[in-house]
Amino acid sequence: MNEQEIVTYIKELVSIPSPSGYTEDVIAFVAKSLESKNVPYQITNKGALLATLQGENQDKHRLLTAHVDTLGAMVKEIKSDGRLKLTMIGGFRWNAVEGEYCKIHTAEGKVFTGTILVNQTSVHVYKNAGEAKRDDSTMEVRLDEPVREKKDTEDLGISIGDFISFDPRVEETESGFLKSRHLDDKASVGILLHLIGLIKEKGLVLPYTTHFLISNNEEIGYGGNSNIPVETVEYLAVDMGAIGEGQATDEYSVSICAKDSSGPYNYRLRQHLVQLASDNNVDYQVDIYPYYGSDASAAIRAGYDIVHGLIGAGIDASHALERTHISSLRHTADLLYYYLQSELV
């Protein structure tokens, strides 16, 4: 594994704004990467990307998925003072983005910058600024433009429905940490792009035809539950491992999910992944994510007759200021490498 190549992919991916519903640019980046590797793909009607590597067995297929859409927001209202009220895209808490720099993407293709703040920020003016409620009615964007009233903002071309993306603040530390917003799930996409390149470079023929679905609506709940080829037997979501009190997942190993809010993942596939990790000295943790759902669980809910699983790098502070370690990225990539060459469960 070329760890630095994985990190480079991730840095490039997180730097492309792509809140759910605004993902064409990042999908184009993935498509360009696949073209450079001579990997065939198609863009679905929903705007996702499906790449395919032909395997020895073309009757039974595998599918791996990761998603490029992220959390974000949308302009809900232009206030009388020219600032913007927001509505969320995806599931997070307003305190997780308070003080964050952001970009406003207009329908005409213009991009403006701003900062997300509560409407009672200054402690020199508001005695109880720290106690002010953070919700849709109090959070706003302060534009980096000389606006004093609603019309000034409208004259810039900003309107209701414009997308808002959050500054990723990506940084790699000397101690091996990668910290950035949107590691969920662009870390996984970076790993898959590296693996596809490695398979092509080595001339490996996988035992089964394998599809890679790069979904674009996972954060709003329906990214990977369509465009699944009928031959698909196994479906593995490559997402993030959730870290917190009471969790086994850490930032240094691959997390194998036993159960999330949708219920248990396929037991045989989970045990197969654990055995592969054990046999190949891959550091792993088996864990349960209490408030979580994946594209694999969305596919099960949609009625697909598949074996489903979920693994991912351990991501600290998910849906906020996220971080992982390069060792977690490596172990996740290693497990996927062995899984792709293994037999179906």
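Basis for what follows: all heavy atoms, side chains included, without hydrogens, waters or symmetry-related copies.
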**OP:** Go through the structure and list residues passing ring-ring contact (aromatic ring centres under 6.0 Å, His included) with Y339, not counting sequence neighbours.
**Re:** none
**OP:** Determine, using the 4.5 Å side-chain heavy-atom cutoff (strictly less than), whether V238 and L206 are members of one ILVMFWY cluster.
**Re:** yes
**OP:** Group every Ile, Leu, Val, Met, Phe, Trp and Tyr by side-chain heavy-atom contacts under 4.5 Å, then state whether L183 and Y292 land in the same group.
**Re:** yes
**OP:** Evaluate the side-chain contact (heavy atoms from CB on, under 4.5 Å) criterion for residues S342 and R62: first the C-alpha distance (whole Å), next the side-chain angles of each, then the deciding distance (0.1 Å), finally the verdict.
**Re:** CA-CA 11 Å; S342 69; R62 276 194 171 113; 3.1 Å; yes
Original post:
Going by heavy atoms in the side chains, are Q42 and N227 under 4.5 Å from each other?
Top reply: no
Subject >> Nearest heavy-atom neighbours spanning S253 and D283 >> reply: CB-O, 3.3 Å
Subject >> Non-neighbouring partners of D152 that pass salt bridge (charged side-chain N to carboxylate O under 4.0 Å, His left out), sequence neighbours left out >> reply: none
Original post:
Residues two or more places apart in sequence or in another chain: which of them pass salt bridge (charged side-chain N to carboxylate O under 4.0 Å, His left out) with K76?
Top reply: none
Subject >> Shared-cluster residues of L321, by chain and number - hydrophobic side chains joined below 4.5 Å >> reply: none
Original post:
Quick check: are there more than 12 heavy atoms from other residues, nucleotides or ligands sitting under 6.0 Å from CG of D279?
Top reply: yes
Original post:
So if you build clusters from Ile, Leu, Val, Met, Phe, Trp, Tyr with side-chain heavy-atom gaps below 4.5 Å, do Y252 and I191 land together?
Top reply: no
Original post:
Checking side-chain contact (heavy atoms from CB on, under 4.5 Å) against H331, which of L336, V282, N281, N280 comes through?
Top reply: V282
Original post:
With no hydrogens and no angle check, do the side chains of S165 and R181 hold a donor and an acceptor under 3.5 Å apart?
Top reply: no
Original post:
Which pair of non-hydrogen atoms, one from G293 and one from S261, has the smallest distance, and what is that distance?
Top reply: N-OG, 4.2 Å
Original post:
Considering only heavy atoms from C-beta outward, does the side chain of L193 approach that of F212 to under 4.5 Å?
Top reply: no
Original post:
What distance separates I160 CD1 from E154 CD, expressed to the nearest 0.5 Å?
Top reply: 8.5 Å
Subject >> Nearest non-hydrogen partners of A333 and M1, listed with the distance >> reply: O-CE, 3.5 Å
Original post:
Any sub-3.5 Å donor-acceptor pair from T332's side-chain atoms to V254's backbone N or O?
Top reply: no
Original post:
What side-chain hydrogen bond (donor to acceptor under 3.5 Å, both in side chains) pairs are there with at least one residue in residues 205-214, not counting sequence neighbours?
Top reply: T52-H211, Q54-T209, H61-H211, Y208-E343
**OP:** In sequence, state the C-alpha distance, the side-chain angles, and the governing distance for K186 and S180, and then conclude on side-chain hydrogen bond (donor to acceptor under 3.5 Å, both in side chains).
**Re:** CA-CA 10 Å; K186 291 180 175 180; S180 175; over 6 Å; no
**OP:** Taking atom types as modelled, find out whether K32 and S36 have a side-chain donor-acceptor pair closer than 3.5 angstrom.
**Re:** no
Original post:
Are side-chain N/O atoms of Y289 and Q247 paired as donor and acceptor at under 3.5 Å?
Top reply: no
**OP:** With rounding to the nearest 0.5 Å, note down the distance linking CD1 in I164 to CG in L86.
**Re:** 4.5 Å
**OP:** Please list, chain by chain and in numerical order, all residues satisfying side-chain hydrogen bond (donor to acceptor under 3.5 Å, both in side chains) with T121, sequence neighbours excluded.
**Re:** none
Original post:
Does L344 belong to the same Ile/Leu/Val/Met/Phe/Trp/Tyr cluster as I256, with side-chain heavy atoms less than 4.5 Å apart forming each link?
Top reply: no
Original post:
For the atom pair CG (L71) and CD (E219), what is the distance rounded to the nearest 0.5 Å?
Top reply: 4.5 Å
Subject >> For D69, all residues meeting side-chain hydrogen bond (donor to acceptor under 3.5 Å, both in side chains), sequence neighbours excluded >> reply: S20, H67
**OP:** Consider only side-chain N and O atoms of Y265 and S294, and report whether a donor and an acceptor are under 3.5 Å apart.
**Re:** yes
Subject >> N/O donor-acceptor pair under 3.5 Å between H182 side chain and P19 backbone >> reply: no
Subject >> Exceeds 12 heavy-atom contacts within 6.0 angstrom, atom NZ of K151 >> reply: no
Original post:
Just by distance, with hydrogens left out, do S215 and D295 show a side-chain donor and acceptor under 3.5 Å apart?
Top reply: yes
Original post:
In chain order, what residues pass the salt bridge (charged side-chain N to carboxylate O under 4.0 Å, His left out) check against K127, with sequence neighbours excluded?
Top reply: none
In a table with atom names and distances, give each donor-acceptor pair under 3.5 Å that connects a side chain of residues 137-144 to protein atoms at least two apart or in another chain.
unit_1	atom_1	unit_2	atom_2	d
S137	OG	D135	OD1	2.6
T138	OG1	K133	O	2.6
T138	OG1	D135	N	3.0
T138	OG1	D135	O	3.3
T138	OG1	D135	OD1	3.3
E140	OE1	K79	NZ	2.5
E140	OE2	R83	NH1	2.9
R142	NH2	T115	OG1	3.4
D144	OD2	T113	OG1	2.7
D144	OD2	G114	N	3.4

**OP:** Could you tell me whether the side chain of N128 and the main chain of E131 form a donor-acceptor pair under 3.5 Å?
**Re:** no
Original post:
Is a donor on one side and an acceptor on the other found under 3.5 Å between the side chain of E98 and the backbone of W94?
Top reply: no
Original post:
Which heavy atom in G314 sits nearest to a heavy atom in I243, and how many Å separate them?
Top reply: C-CD1, 3.7 Å
**OP:** Could you tell me which non-hydrogen atom of S15 sits nearest to which non-hydrogen atom of K11, and how far apart they are?
**Re:** OG-O, 2.8 Å
Subject >> Within-4.5 Å side-chain heavy-atom neighbours: I10 and L329 >> reply: yes
**OP:** Consider only side-chain N and O atoms of N2 and H194, and report whether a donor and an acceptor are under 3.5 Å apart.
**Re:** no
Original post:
Of the non-hydrogen atoms in C102 and I116, which two are nearest, and what is the gap between them?
Top reply: SG-CG1, 3.9 Å
**OP:** Tell me, please, which residues at least two apart from F166 pass ring-ring contact (aromatic ring centres under 6.0 Å, His included).
**Re:** F92
**OP:** Decide whether V286 and L236 are clustered together by the hydrophobic rule: side chain heavy atoms of Ile, Leu, Val, Met, Phe, Trp, Tyr closer than 4.5 Å, transitively.
**Re:** yes
Original post:
How about K60: does its NZ atom have over 12 heavy atoms from other parts shown lying under 6.0 Å from it?
Top reply: no
Original post:
For Y235, what are the other residues in its hydrophobic cluster, where any two members join if their side-chain heavy atoms are less than 4.5 angstrom apart?
Top reply: L50, L63, L213, I228, I300, Y304, I306
Original post:
Can you check whether P229 reaches T232 side chain to side chain, under 4.5 Å on heavy atoms?
Top reply: yes
Original post:
Linking Ile, Leu, Val, Met, Phe, Trp and Tyr by side-chain heavy atoms under 4.5 Å, what else ends up with I220?
Top reply: Y22, M74, I89, F163, Y222
**OP:** Please answer whether the main-chain N or O of I326 pairs with a side-chain N or O of E3 as donor and acceptor at a distance below 3.5 Å.
**Re:** no
Original post:
Has the side chain of D136 got a donor or acceptor atom that lies under 3.5 Å from a matching backbone atom of T87?
Top reply: no
Original post:
Counting heavy atoms not belonging to E24, are there more than 12 under 6.0 Å from its CD?
Top reply: no
**OP:** Applying salt bridge (charged side-chain N to carboxylate O under 4.0 Å, His left out) between R323 and each of E171, E172, E251, report the one that passes.
**Re:** E251
Original post:
Just how far is it from atom CD1 of I199 to atom CD of E201, taken to the nearest 0.5 Å?
Top reply: 11.5 Å
**OP:** Please tell me if the side chains of D185 and E218 come closer than 4.5 Å, counting only heavy atoms from C-beta onward.
**Re:** no
Subject >> Interatomic spacing from NZ in K200 to CG in L195 - rounded to 0.5 Å >> reply: 14.5 Å
